[in-house]
There are 2 protein chains.
Amino acid sequence: MRKIKLLIGRGKFLECWQFKPVAFKHKASRYRDINVHRLDESLLSPLPPFSMLDRPQIRSILDRATSRRFDAGAAVFDEGAPARSFYLLLDGTIRVVKTTPDGEQVTALHIPAGQLFGIAPAFRRDAYPATAIAASELLTLCWPVSLWEPFVADYPGFGTETYKTIGDRVAEMNNRIIEMSTQHVEQRVARALLRLVNQSGKQTAEGIEISFPITRQDVSEMTGTTLHTVSRLLSAWEKDGLVSSKRKKIVVCDPHRLVALGGA
Amino acid sequence: MRKIKLLIGRGKFLECWQFKPVAFKHKASRYRDINVHRLDESLLSPLPPFSMLDRPQIRSILDRATSRRFDAGAAVFDEGAPARSFYLLLDGTIRVVKTTPDGEQVTALHIPAGQLFGIAPAFRRDAYPATAIAASELLTLCWPVSLWEPFVADYPGFGTETYKTIGDRVAEMNNRIIEMSTQHVEQRVARALLRLVNQSGKQTAEGIEISFPITRQDVSEMTGTTLHTVSRLLSAWEKDGLVSSKRKKIVVCDPHRLVALGGA
DNA sequence: CGCGAACGTTGCGCAAGATCAAACTTCTGA
DNA sequence: TCAGAAGTTTGATCTTGCGCAACGTTCGCG
């Protein structure tokens, strides 16, 4: 057991205790559940909701957390389920999904590492409004909802920063609505890729790669189209050298031209 | 000058001082700006954000308010403008509109009487994220943003209820996104009408009427389609006895069948 | 190594709805 | 009272992107 840096978001790391990978269903898992009492205060201090707090305050927050890991594809919580906890995403990416009565899925949002999620209590909701799916393997901290009010009351900046984050998400949803109303499929797909790349892109030799596995179907659920159309678009773009994609993997090679596509 | 009941939303009234209608640009206006010191505390007490407060508290809130009226079509504030005030809508309906770079408009939301709006400070925004247009003649109260924090801190229930309202709006936006992704134009228009009727419908002999002037263009901006398509749909529905519409006026005669149209 | 499942590609035809164009109706203000 | 503005209707045409279907590819696992 040794101290390692834990990737949270683009180029940001959290220092923490790494347990040796354990076999999980014939597959090596990067993490095991972490003992929160061993986590260092410096893990949380760079994150906006905790940035104004001192070490003892963060210690107290950490000590009341539980840590959980999730396999890729697993649901952290389901739409409509009673909201018992709120979460902090330490590593991985969350796909926030809504399912229609007739079984169709719509991806409302992607949440990158380092952000709070499942924050139904901020709206005084007692049920989660959407399902949170692990887009890749996840590591989370979680707290019971009963701690929400005390956190907001006791920790300066926690409420403020959280509502700022919510404001950002609302703005993003607004943009989605506008895009869906006014833009064509090609533009929406282009913008969706750019958003993903901005939020959780990893620089590689070829270009910027989306850092979690993503299928054509996933992209279609983000843009309100079909996997066929997305496939056609990606093929065309690949021929043009705009992107490069393999199975469950998309690399944006020429962001600039993609912006142009999404812009007009 | 006499005390009258002021309509706020469906069947709900606020009692207040009615000034005699004044001529305004050759048109009789229902209201003149109201002297807030003459407003009775009972005006605010039934509204969710103020429901837990006693009379002296509400008095203090009222005394710090300014009242303003707006003509139909006027902008209360513009997208991107510095957020200096937040508002309470006493009467009328607000259309929340976003404009795309190329001039297209998208209606994000309608806000009925009795609700707070322009609450950018709740998200720590210093600019309004959208434009608020008066769909009909409006009467509002407004407070400087500097009072937001004190209100949340000093008045129990104010924050809670407000965030609940925001939660509802976020949920509605979510639904919009899902509708736009998965439903056809006909279903979206049907649902849009039902939403309007639910929020601000007035029972009449023919059916339930949308209580503010609304054009085909407006409906198309709500549903992400064109006024032509909306016109065709309304014509077809009118032939079927589902709705009845005149210039700037829509009455839903058979809500049940409209729900069926929007459902599948 | 070989099978099956999950993921991706591609061609074809069709229909929903946008766009273009023009006429019509209702309302407003001088 | 009358002209023009604003709102609505309707037809003709065209484009987008969806549905369907079949096939190709990659991966995981026994």
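First the proteins, then the strands, lettered A, B, ... as listed; each starts at 1. The model shown is predicted, which means the values in this text are computed figures rather than measured ones.
Looking at E209(B) and T204(B), their side chains never bring a donor and an acceptor atom within 3.5 Å of each other. With 3.5 Å as the limit, one finds no donor-acceptor pair spanning the side chains of T182(B) and E104(A).
Nearest-nucleotide mapping onto DNA chain D: of K239(B) and R188(A), the residue sitting toward the 5' end is K239(B).
Contact check, S231(B) against dT8(D): no side-chain N or O comes under 4.0 Å of OP1 or OP2.
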| request: Could you check L233(A) against V219(A) for side chain to side chain contact (heavy atoms under 4.5 Å, CB included), going step by step and ending with a plain yes or no? | output: CA-CA 11 Å; L233(A) 283 172; V219(A) 176; over 6 Å; no
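For R84(B), the CZ atom sits in a loose shell: 12 or fewer heavy atoms of surrounding residues, nucleotides or ligands are nearer than 6.0 Å.
Taking atom CG of residue L233(A) and atom C1' of nucleotide dT10(C), one finds them 13 Å apart after rounding to whole Å. Regarding H184(A), its NE2 atom lies at a distance of 10 Å from the C1' atom of dT19(C), rounded to whole Å. Rounded to an integer number of Å, the gap from W237(B) CH2 to dT9(D) P is 13 Å. Distance, E238(A) CD to dT25(D) C1': 14 Å, rounded to whole Å.
Scanning residues 210-229 of chain A for heavy-atom distances under 4.0 Å to DNA chain D yields T225(A), T226(A), H228(A), T229(A). Using a 4.0 Å cutoff on non-hydrogen atoms, the parts of residues 244-254 of chain B near DNA chain C are R247(B), ordered by number.
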Please list every donor-acceptor pair under 3.5 Å in which a side-chain atom of residues 106-117 of chain A meets a protein atom from a residue at least two apart or in another chain.
{"residue": "Q115(A)", "atom": "OE1", "partner": "R169(A)", "partner atom": "NH2", "Å": "3.0"}

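Ring-plane geometry between F77(B) and Y128(B) is classed as parallel, the angle between the planes falling under 30 degrees on a 0 to 90 degree scale with a further cut at 60.
Residue Q105(A) comes nearest to E221(A) through the heavy atom pair O-CG, 3.3 Å, listed as atom of the first residue, atom of the second, then distance.
A 4.5 Å side-chain heavy-atom check between E179(A) and Q187(A) finds every atom pair outside the cut-off.
On a pure distance criterion of 3.5 Å, a polar donor-acceptor pair joins the side chain of R232(B) and the base of dG11(D).
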